[in-house]
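The block underneath contains the structure these notes are about, expressed in structure tokens.
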2 protein chains.
Amino acid sequence: MSHSIPRSLVKNLDLFRAVPDKDLDTVLSIARPMRLNAGDPVFQQGQPATQFFVLLHGHLKVVQTTAEGEQVVVRYVIPGEVFGIAKAMQRPAYPASCLAVEESVVLGWPSAEWDRFMTSNLQFAANALQAVGQRLHDAHARIKELSTEEVEQRVARCLLRLIDSSGEKTDDGIAINFPITRQDIAEMTGTTLHTVSRLLSAWKEQGMVLTGRKRVTVRKVDDLIRLAEGAGACSSKPAARKKPVEPA
Amino acid sequence: MSHSIPRSLVKNLDLFRAVPDKDLDTVLSIARPMRLNAGDPVFQQGQPATQFFVLLHGHLKVVQTTAEGEQVVVRYVIPGEVFGIAKAMQRPAYPASCLAVEESVVLGWPSAEWDRFMTSNLQFAANALQAVGQRLHDAHARIKELSTEEVEQRVARCLLRLIDSSGEKTDDGIAINFPITRQDIAEMTGTTLHTVSRLLSAWKEQGMVLTGRKRVTVRKVDDLIRLAEGAGACSSKPAARKKPVEPA
DNA sequence: CGTCCCGTTGATCCCTATCAAATGTAGTGG
DNA sequence: CCACTACATTTGATAGGGATCAACGGGACG
């Protein structure tokens, strides 16, 4: 193996789950590793989708920029996940930009290899379908939230999801594993950095979170869950019922 | 063939594109056709995903219900599309409900058959991946809109998308092909039926649309596009720039 | 021909974006 | 080691887009 990428690195990735070792070796022989510093782009929105990737270490941010120049954070990529598979879905170009939010390591393959992987191993196709299915599910959950919930709930849920996927137990609580700004959280929840700042300030006041520059730590997960479920300031929200409650 | 479903019915579906005839015959022999009247459910949110389907004729609505009882329209299914493929993404239950909005005909297969189709024909797997990829793309577009655009733009875009997928040329303009209420449009765009009603009234006033009970016809597509692009009431929106424009 | 459902429209309120400005914090180069 | 700078964060004041509340009008269907 010219690249000396240990097979174990890839063996545990969801995308390659249950793929036989001999196929893995082929996969690895073509893989091109890449190191990234914080802020480095992996690819840019609109570029031809020449490669697809797996994140080995670090954290990436996937961002869509609107015609008006506003940004929306599509998702954060965590180690082990595939990304940049636009070509696999027959899209010629990346629909979003992807950049490292901290030092990261990715593995890349030419998009053309995707079809080879699919044909040579059926399990690979099923794994890919599941991965995309999961993302579709997440996207629908987000649409539901943006459509029906208030900002406080959405931000609470956002933090919960972040500590769920990238939480790190510390002395003070569960910290988000990577640098993230108020602006980032705003772009994930469809609000403004000002509103996020106000919410975090209020929550810090109550001891629910600890905050620092580009850092958030959750101290009281249960309280945050309660907020996400809708136990916010609106004390009299009758929880959308079809028929009015009839007093006996 | 016990069911006498003509092969031509399935041959042109995206999901079965480029699938050889002999495989198609197998597919057809297992297919179970189903007729639906307006309002009939195909499956309900939370039910075990025992089948997946293709819509042959009519229109279906996919709806998610929140814990608070509010509804979000995930999408409308148009003839030729697959739906209910939760199991293919390894989800045990349907994440949303699906019901006919008019007389419709669907073809259903047991979920277990999915894997057989995948294994027996690679093209099928690729087609499925592309279909889900397209939906993911649509979902992201919607998230972007909900996050950054105002109600007027979102509703305008919604109508445009509807006439694009289900528009029918009439003497008066392009009509949406199936019955749809203000409430439905509201649930697609994250607003209320009142706001949608007001917008449609205003647009009718200007001759941009024609409206009827459960019917919408677009007369001036270009004007609607202009609205969707952001040419709304906000005359002074500085289009989110990083640096202020410097006069020479 | 009555009843349900869909649609329309006015009045009011409030959540949250927007505007404005100060404070704090990491990094940098002298 | 400190001044300087760029960026992140905080916080107050204000305004406005839409949700909400309330009522009525109208077409379809049994």
Side-chain angles (χ1 to χ4, degrees), chain A residues 37-39 68 70 101-102 146-156 176 178-187 189-205 209-217 227 230 232-244, chain B residues 37-39 68 70 101-102 146-156 176 178-187 189-205 209-217 227 230 232-244:
Chain A
N37 291 316
E68 280 73 30
E70 291 175 281
V101 297
E102 60 179 354
L146 284 166
S147 298
T148 66
E149 294 179 354
E150 315 229 311
V151 169
E152 187 178 48
Q153 296 179 61
R154 302 206 302 265
V155 174
I176 296 173
F178 57 87
I180 185 168
T181 67
R182 311 288 183 268
Q183 175 80 40
D184 290 327
I185 297 174
E187 288 172 1
T189 52
T191 179
T192 62
L193 77 161
H194 305 104
T195 299
V196 173
S197 177
R198 272 182 248 270
L199 284 171
L200 287 181
S201 294
W203 293 346
K204 181 163 61 176
E205 201 80 1
V209 299
L210 285 177
T211 64
R213 189 190 172 88
K214 290 191 175 186
R215 293 289 165 188
V216 181
T217 304
L227 278 184
C234 40
S235 47
S236 61
K237 202 172 186 182
R241 53 178 181 259
K242 274 71 192 272
K243 298 168 186 173
Chain B
N37 291 316
E68 281 72 31
E70 292 175 281
V101 296
E102 61 178 355
L146 284 165
S147 298
T148 66
E149 295 180 353
E150 314 229 314
V151 170
E152 187 177 47
Q153 296 179 61
R154 302 206 303 266
V155 174
I176 295 173
F178 57 88
I180 186 168
T181 68
R182 311 288 184 269
Q183 176 79 40
D184 290 327
I185 297 174
E187 289 172 1
T189 52
T191 180
T192 62
L193 76 161
H194 305 105
T195 299
V196 173
S197 177
R198 272 182 249 270
L199 284 170
L200 287 181
S201 294
W203 293 347
K204 179 162 63 176
E205 201 81 0
V209 300
L210 286 178
T211 65
R213 190 188 172 85
K214 290 191 175 187
R215 294 288 166 188
V216 181
T217 303
L227 278 185
C234 40
S235 48
S236 62
K237 202 174 186 181
R241 53 179 179 256
K242 273 72 193 271
K243 297 168 187 172

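Within every chain, numbering begins at 1; the chains are lettered A, B, ... in the order of the sequence lines, protein sequences first and strands thereafter. What you see is a predicted model; the values in this text were computed from it and never measured.
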Original post:
Which part of the nucleic acid does B:S197 contact within heavy-atom distance under 4.0 Å: base, sugar-phosphate only, or nothing?
Top reply: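 Base: the residue B:S197, judged by heavy atoms under 4.0 Å, touches a nucleobase.
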Base, sugar-phosphate, or nothing for B:R182, non-hydrogen atoms under 4.0 angstrom?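 Answer is sugar-phosphate: B:R182 comes under 4.0 Å of backbone atoms only.
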Whole angstroms only, please: what is the [atom1]-[atom2] distance between [X] and [N]?
{"X": "A:R213", "N": "D:dT5", "atom1": "CZ", "atom2": "C1'", "result": "12 Å"}
{"X": "B:Q153", "N": "D:dG17", "atom1": "CD", "atom2": "P", "result": "13 Å"}
{"X": "A:K204", "N": "D:dT9", "atom1": "NZ", "atom2": "P", "result": "10 Å"}
{"X": "A:L193", "N": "C:dA20", "atom1": "CG", "atom2": "P", "result": "16 Å"}
{"X": "A:E102", "N": "C:dA26", "atom1": "CD", "atom2": "P", "result": "17 Å"}
{"X": "A:I185", "N": "D:dA8", "atom1": "CD1", "atom2": "P", "result": "13 Å"}
{"X": "B:H194", "N": "D:dG17", "atom1": "NE2", "atom2": "P", "result": "19 Å"}

Could you please name the option among C:dG7, C:dT18, D:dA8 that lies closest to any side-chain atom of A:T181?
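Of all the options, the side chain of A:T181 is nearest to D:dA8.
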| Bend across the helix from C:dG7-D:dC24 to C:dG30-D:dC1, to 10°, with axes taken over 5 pairs at each end? |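 For the helix from C:dG7-D:dC24 to C:dG30-D:dC1, the axes at either end differ by 40°.
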Can you see if the side chain of B:T195 gets near the phosphate of D:dG18 - specifically, an N or O under 4.0 Å from OP1 or OP2?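 The answer is no; no side-chain N or O of B:T195 sits under 4.0 Å from OP1 or OP2.
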